[in-house]
Amino acid sequence: MGGKVKKRIAILIACAVLAAGMMAVAASLDMPSETIMRWFGASYESLSTMILYVIFCGALGFPVQILVKALPRALLMLHRISMRRAKVLLVVLDTAALFLTMLLVDWLMSTVLVGYVILLLVALVMAVLSMDDLEGWESR
């Protein structure tokens with residue numbers, strides 16, 4: 001019986017140390033990220049509200065992204081547009097969809113306030129990074 005109790009106490013201590021470490025990492029990331037966000041005109045009450053903002057943007061943006069990426073792929077597969085135009089179309093549609101999704105979540109969450117400039121920059125960077133999704137669709 002003594003062995004089981006010692007094992008449970010050891011597990012409890014390990015979990016407490018792990019939780020304290022995770023809180024320390026979150027707190028150390030919160031200060032610099034809050035400073036950078038304020039430079040761009042964004043503000044949030046706590047790190048957890050910003051994490052919720054990102055989760056909600058991802059959840060709402062997922063079905064929209066499927067539709068946005070389907071149009072350039074379909075036009076590319078039907079040989080209606082070139083690869084270059086498909087990438088441009090994807091960047092434009094993806095930027096607009098992500099911008100509007102993040103704007104909607106920003107409007108719905110009163111604890112997070114993000115400026116239009118940072119929303120547009122993030123949407124544009126994410127769209128440019130997703131251009132590689134079209135590779136290989138021209139030959140299908």
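Sequential numbering from 1 along the given sequence is applied to the chain's residues.
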Return all side-chain donor-acceptor pairs below 3.5 angstrom for residues 83-100, not counting sequence neighbours, or 'none' if the list is empty.
unit_1 : atom_1 : unit_2 : atom_2 : d
Lys87  : NZ     : Glu135 : OE2    : 2.8
Asp94  : OD1    : Gln65  : NE2    : 3.0
Asp94  : OD2    : Ser130 : OG     : 2.8
Thr95  : OG1    : Val91  : O      : 2.6

All heavy atoms of Tyr53 vs all of Asp106, minimum pair found to be CE1-N, 3.6 Å
Report, one line per pair, each donor and acceptor closer than 3.5 Å where one atom sits in a side chain of residues 109-129; sequence neighbours left out.
none

| message | Could you check whether any side-chain heavy atom of Leu60 comes within less than 4.5 Å of a side-chain heavy atom of Val64, counting everything from C-beta outward? | response | no
Apart from Ile66 itself, its cluster of hydrophobic side chains linked below 4.5 Å comprises Phe62
Original post:
In the single-linkage hydrophobic clustering (I, L, V, M, F, W, Y; side-chain heavy atoms under 4.5 Å), do Leu103 and Trp107 co-cluster?
Top reply: yes
